[in-house]
Every structure is written in C-alpha cells, then in structure tokens.
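Here's the structure, in structure tokens; my notes come after.
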Amino acid sequence: MTDLPVLSALWLLPLIGALAVIAVPPTRSAAARAVGLTTSCVVLILAVLCAIGFEAGAPGYQFVEEHEWIPSFGAGYTLGIDGIALTLVLLTAVLVPILLLAGWNDTPPASRSRRSHTYVALILVVESMVMVSFVSLDILLFYLFFEAMLVPMYFLIGGFGHDAGRARSAAVTFLLYNLAGGLVMLAAVIGLYVVTASDASPFSAGTFDLRAIADAAAAGELGASPGVLNALFLGFLVAFAVKAPLWPLHTWLPGAATESTPATAVLMMAVVDKVGTFGMLRYCLQLFPESSATFAPAVITLAVVGIVYGAVLAIGATDIMRLIAYTSISHFGFIILGIFAMTSQSQAGSALYMANHGIATAALFLVAGFLVTRRGSALIADHGGVQKVAPVLAGTFLVAGLATLSLPGLAPFVSEFLVLVGTFPRYGVAAVIAASALVLSAIYVLWLYQRVMTGPVAAGSERIRDLVPREIAVVTPLLVLVIALGVYPRPALDILTPAVERTSVEQLETGVAAP
C-alpha cells in the first residue's frame with residue numbers, strides 16, 4: 001500500500017465527488033446528497049486503510065509522494081504523513097459524512113435549483129483542501145490550499161445561513177480576517193524562500209521543501225539573522241492565529257458559527273480551524289525553533305487570556321449556538337497553550353485535543369442545532385423542560401455538554417489533563433490560571449442544561465419532537481468516540497507521541513531556553 005498514491009487519493013476523491021454531485025440533474029437533489037455521502041464514506045474507508053498501514057513510531061514521514069511541480073522555484077508536489085497529520089486526516093474523514101447526514105435537510109429541494117447540489121459539493125471541496133493541508137510537505141503547496149479553502153467556506157457561510165443578510169456579513173468578516181492573515185503569511189513564505197536561496201544557506205538553490213528547511217533550522221544552519229527569523233515566524237503565526245483562532249484575532253468566529261448551518265459551523269470549528277493549530281506545530285515550531293522559544297511566553301499569555309475570556313463570554317451568552325462558539329475560543333486556547341509550553345506531554349495533549357475537541361464540539365453543536373431547528377429559536381430564554389418532551393435529545397445534549405467541560409472518563413479530559421500537566425513545570429502560573437477555566441466550563445455547561453432542559457415545559461417547547469433515526473445515526477458515533485477515547489486513549493497517543501517528540505520537542509531543544 002505504501003507504493004500507492006494514497007495521500008493523493010485522499011484529496012482527489014472528494015474533489016471528484018464534488019464534480020459528480022454538480023453533474024446530477026437539478027431535480028434529483030436526494031441523489032446529489034447520496035452521491036456526496038457515498039463519496040465521503042469512501043474517503044473515510046481510505047483514511048482507515050491508511051491508518052491500518054501506518055507504522056507508529058517509524059522515523060520520518062510515511063506514504064511519501066514526490067513529483068516535480070515548479071522545479072525552477074524549488075517547489076514540488078510532495079506529500080507525506082506523520083502521526084499528527086494522520087489523526088487530523090481521520091478526524092476530517094469521520095466528520096464529513098456525519099455532517100452531510102446531519103445537514104441532509106438543511107437545503108430544501110427546489111425543482112429548478114441546484115442549491116442542495118452546491119451545498120454538498122462545497123463541503124466536499126473543503127474536505128479536499130483540508131486534506132491537502134494536512135499531508136503537504138511543500139510549503140508553497142500548503143499555502144495555496146490553506147488560502148483556497150476560504151472560498152468554499154465563504155459560500156457555505158454566506159449562501160446557506162439562517163438569515164441572508166447576517167450570514168453574508170458574517171461570511172465577509174470571516175473572509176477578510178483570514179485573507180489578511182494569509183497575506184501576512186504569503187510575505188513570510190516568500191521571505192523564507194529568499195532565505196533558502198541566499199548564499200548563507202546550506203541549499204544550492206531556493207526550496208519550499210518542509211523537511212529540508214526543518215532539518216537546517218534544527219541544526220541552526222538557515223543562515224539568516226535572528227531578527228529575520230523572528231519576522232518570518234510572526235508572519236506564519238499571525239495567519240495560524242487567525243485561523244485557530246487565538247485571542248484577540250477571534251472576533252470573526254462567533255458570528256460565522258452562529259449564522260451558519262450547524263453542519264457548516266462544525267466543519268469550520270472542528271476541521272478547518274484545526275489547520276491553524278496544526279500549522280503552529282508543523283510550521284512555526286519546526287521551521288523557527290529559536291523564534292518559537294522567544295515568543296512562547298507572549299503566545300502563552302494570549303492563549304490563557306483566550307481560555308478565560310471564552311469561558312466568561314459563554315457564561316454570559318443568551319444564544320445557545322453563540323455560547324458553544326465561545327467555548328471553542330476557550331478550547332483553542334488550551335490547544336495553543338500546550339503547543340507553546342514545548343514539553344512532550346503538553347504537545348501530545350494539544351495534538352490529541354485537536355481531535356477530541358472536534359468530536360465533542362461536533363456532537364454538542366449538532367444536537368443543539370437539532371433543538372434550535374425544532375423550536376425555531378436559539379435564545380436560551382425561549383427553551384425549558386425539553387427533557388420531558390424529548391428525553392433522547394436531552395440525554396445526548398448532556399453527554400456532549402459533559403464532554404465539553406472535560407468530565408473525567410470522556411475524551412477531552414485526557415487531552416486537557418496532559419496540557420496542564422505538561423505546562424505546569426515550565427509555566428506554572430499559566431497552568432493554574434488555565435485550570436480555573438475548568439470551573440467556569442462547569443458553570444456554563446450545567447447552567448445551560450438547567451435552563452434549557454429542566455424545569456417546566458416552556459411555551460412552544462411542548463411541540464418539540466425527539467431525535468429521529470437519522471439524527472440518532474449522526475450523534476451515536478460521535479458519543480461512542482467521546483467515551484472510547486476518554487476511557488482508552490492509548491491508541492491515539494501511541495500514534496501522536498512519537499510524532500510530537502520527533503517533530504517538535506527534539507528539534508526545539510536547541511531553541512528552548514530554560515524557563
């Protein structure tokens with residue numbers, strides 16, 4: 001299997017599936033959705049086969065594909081995968097078919113419209129571009145797809161939101177923030193190429209090969225001054241911090257998540273935004289180890305502010321969907337905290353948190369979306385007593401909510417615990433402050449459940465029906481994964497830990513100063 005172009009297939013299949021969806025006649029919206037769902041399931045099977053063939057702990061990247069692309073500029077079509085990328089590829093492959101099934105009725109069919117076709121095709125295009133971002137070993141190739149995924153996400157947010165005006169506004173804000181970050185990164189990508197092409201570099205010509213540049217950076221042989229490397233590091237960091245998002249560059253997220261369909265919001269928060277945190281691990285830390293150590297205290301400060309800030313805003317939120325969006329700001333703060341604490345435990349916890357957050361947030365947001373659709377309102381004050389009329393919906397909402405607050409025995413607890421344990425020896429104050437958010441998360445989750453699900457049945461809530469089989473099929477695999485990874489996280493950690501130790505900690509030893 002290692003000789004087959006598995007990684008190319010991972011991103012080409014969704015793209016081909018999107019074209020097939022568009023080719024379905026306008027009157028066959030159900031067939032278009034079925035083609036999209038089938039395509040995503042095939043991609044999931046391929047991702048699982050890739051995981052089966054992956055050798056945990058093996059040195060270097062696996063399933064590597066190398067072809068010339070623009071040789072005169074040192075750019076190649078180079079793909080490869082390690083444990084971190086594999087975990088996020090699996091997360092993406094698992095979530096996309098679930099989201100297509102969850103959003104089955106998000107776009108009512110129209111006899112002369114391809115609206116349903118477009119919605120499904122855009123989701124598959126996003127999946128394709130995210131896959132390339134995770135497996136690319138060429139910096140220019142990564143950048144192109146890092147930016148290109150903004151286009152289908154823009155149309156998903158602005159074209160299929162609940163309120164057309166607010167959705168378009170949220171989509172524009174999303175696009176402007178991320179384009180601005182991307183332009184800063186473009187300058188850094190060009191600057192890094194210039195550095196590799198200089199006479200002081202160990203390369204005979206400029207290159208975009210991530211592996212070669214990372215090896216030179218680890219050996220301190222890039223040949224650029226600390227000031228230049230710091231500037232390049234900040235260029236990459238800004239783009240990833242917007243995508244992640246890191247406080248105070250987060251303000252586009254609540255509006256985009258609230259105005260999107262639930263499936264689109266989950267795709268954005270659980271999949272697309274992970275490209276930002278993945279980029280911090282893969283590019284910022286590997287390419288600029290000394291700069292990462294220099295700016296780590298500042299980034300950790302912003303991450304801790306985001307952890308507490310997101311939790312406080314969630315407590316004060318009056319809208320269910322906006323509340324869940326605020327929790328993601330807090331959770332991304334934990335991920336970034338672990339990355340820049342630069343210990344093996346904290347970074348393994350962050351890598352695992354990327355997957356666990358995606359699963360738990362998907363479950364909570366989708367169940368909340370089912371509830372809001374039934375009631376016709378996202379305002380917390382309009383709900384009450386739902387557990388009396390829809391016990392299965394209330395039960396799944398509770399389990400997903402408990403996962404969000406990192407209850408022991410559920411997946412996010414393991415990753416959050418590793419982040420805090422790994423951070424404390426180096427940044428004790430930051431770890432203690434971040435741990436306070438555990439109390440705040442208990443407040444916003446349990447208070448939300450109390451107001452929405454318990455008490456007397458609110459006017460209008462009596463007509464809420466329980467989950468139907470399709471919705472149960474959406475939620476069940478997510479809750480099974482939340483419980484399984486909470487009880488037995490070892491398989492995931494066995495894949496992640498060697499990759500983290502090899503690509504982050506060991507290469508940063510030359511750049512990490514004593515705390």
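In this chain, residues are counted from 1 in sequence order.
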Can you tell me if Arg470 uses its side chain to pair, donor with acceptor, with the backbone of Leu101 under 3.5 Å?
yes

Determine the sole option in Val445, Leu323, Leu440 for which the side chain to side chain contact (heavy atoms under 4.5 Å, CB included) test with Ile315 is passed.
Leu440

Test log, rule side chain to side chain contact (heavy atoms under 4.5 Å, CB included), inputs Leu281 and Met354:
CA-CA 11 Å; Leu281 265 174; Met354 293 184 210; 3.6 Å; yes

Spatial distance of atom CH2 (Trp252) from atom NE2 (His250) [nearest 0.5 Å]
11.0 Å

Taken to the nearest 0.5 Å, the spacing of Leu175 CG from Leu179 CG works out to 4.0 Å

Yes or no on side chain to side chain contact (heavy atoms under 4.5 Å, CB included) for Val43 and Met131, after CA distance, side-chain angles and deciding distance?
CA-CA 10 Å; Val43 174; Met131 289 293 192; 4.0 Å; yes

Measure the CG-CG distance between Leu371 and Leu366 for me, rounded to the nearest 0.5 Å.
12.5 Å

Kindly indicate whether the side chain of Glu147, heavy atoms from C-beta on, has any atom under 4.5 Å from the side chain of Leu186.
no

Quiz question: by atom type and distance under 3.5 Å, do the side chains of Glu127 and Thr92 form a donor-acceptor pair?
no

Taking only residues two or more places apart in sequence, or in another chain, which ones meet Tyr283 in a ring-ring contact (aromatic ring centres under 6.0 Å, His included)?
Phe142

Shortest non-hydrogen separation from Arg282 to Ala85 and the atoms involved
NH2-CB, 4.0 Å

Verify the distance criterion only: is there a donor paired with an acceptor across the side chains of Asn356 and Ser415 at less than 3.5 Å?
yes

Main chain of Ile464, side chain of Arg375: is a donor-acceptor contact present, judged purely on distance under 3.5 Å?
no

Side chains of Leu402 and Leu446 in contact at under 4.5 Å (non-hydrogen atoms):
yes

Side-chain donor-acceptor pair under 3.5 Å between Thr251 and Tyr177, yes or no?
yes

Rounded to the nearest 0.5 Å, how far apart are OH of Tyr326 and CG of Leu313?
5.0 Å

Is the number of heavy atoms from other residues, nucleotides or ligands within 6.0 Å of OH (Tyr77) greater than 12?
yes

Strictly by modelled atom types, are Tyr444 and Thr404 linked by a side-chain donor-acceptor pair under 3.5 Å?
no

Quick one, Leu352 and Val419 - any side-chain contact, counting heavy atoms below 4.5 Å?
no

What one should report as the nearest heavy-atom pair of Pro245 and Asp273 is CD-OD2, 4.1 Å

Indicate the atoms forming the closest heavy-atom contact of Pro262 with Gly369, along with that distance.
CG-CA, 3.7 Å

Between Phe134 and Phe278, does the ring centroid distance fall short of 6.0 Å?
yes

Check: Arg374 side chain, Arg465 main-chain N or O, donor-acceptor pair, under 3.5 Å
yes

Tell me the closest heavy-atom pair linking Ala368 and Met321, and the distance in Å.
CB-SD, 3.8 Å

Any side-chain donor paired with an acceptor under 3.5 Å for His357 and Ser328?
yes

Heavy-atom closest pair (Val96 atom, Ser40 atom, distance to 0.1 Å) is CG1-CB, 3.8 Å

Do side-chain atoms of Ser8 reach the backbone of Pro5 as a donor and acceptor pair under 3.5 angstrom?
no

Side chain of Asp138, backbone of Gly76: donor and acceptor closer than 3.5 Å?
yes

Flag side-chain contact, heavy atom, 4.5 Å: Trp104 against Leu100
no

Is the shortest heavy-atom distance from the side chain of Ile380 to the side chain of Asp319 under 4.5 Å?
no

With side chains defined as the heavy atoms from C-beta onward, is the minimum distance between Leu15 and Met129 less than 4.5 Å?
no

Would you say that Val89 contacts Cys50 through its side chain, given a criterion of any heavy-atom pair below 4.5 Å between the two side chains?
no

Would a distance-only check, ignoring hydrogens and angles, find a side-chain to backbone donor-acceptor pair under 3.5 Å from Gln387 to Gly395?
no

Do we see a donor-acceptor contact under 3.5 Å between the side chains of Thr78 and Glu66?
no

Phe397 and its side chain to side chain contact (heavy atoms under 4.5 Å, CB included) partner, picked from Val452, Val475, Leu448, Val392
Leu448

Do the side chain of His331 and the main chain of Thr327 share a donor and acceptor less than 3.5 angstrom apart?
yes

Quick one: does Gln62's side chain have a donor or acceptor within less than 3.5 Å of a partner on Glu55's backbone?
yes

Any side-chain to backbone donor/acceptor pair from Lys274 onto Met269? Under 3.5 Å, distance only.
yes

Proximity of Phe146 and Phe240 rings by center, below 6.0 Å
yes

Let's go through Val266 and Thr361 carefully: what are the C-alpha distance in whole Å and the side-chain angles of both, what is the deciding distance for side chain to side chain contact (heavy atoms under 4.5 Å, CB included) to 0.1 Å, and is it a yes or a no?
CA-CA 7 Å; Val266 171; Thr361 297; 5.6 Å; no

Would you name the heavy atoms of Ala102 and Phe370 that are closest together and state the gap between them?
O-CE2, 4.1 Å

Are Trp247 and Phe332 near enough that their ring centres are under 6.0 Å apart?
no

What pairs of residues pass the side chain to side chain donor-acceptor pair (under 3.5 Å) test when at least one of them lies in residues 253-265, not counting sequence neighbours?
Tyr119-Thr261, Arg166-Glu259, Thr261-Thr264

Verify side chain to side chain contact (heavy atoms under 4.5 Å, CB included) between Leu246 and Leu237, making sure each step is shown before the conclusion.
CA-CA 10 Å; Leu246 173 67; Leu237 180 66; 5.6 Å; no

Sub-3.5 Å donor-acceptor pair from the side chain of Lys243 to the main-chain atoms of Gly182, do we have one?
no

Enter the distance from Leu44:CG to Thr39:OG1 here, rounded to the nearest 0.5 Å.
12.5 Å

Residue that, paired with Tyr61, satisfies side chain to side chain contact (heavy atoms under 4.5 Å, CB included) out of Val135, Leu7, Leu137, Leu79:
Leu137

Approximate separation, where rounding is to 0.5 Å, of Leu249 CG and Asn178 CG
10.0 Å

In the structure I gave you, are the side-chain heavy atoms of Val130 and Met149 within less than 4.5 Å of one another anywhere?
yes

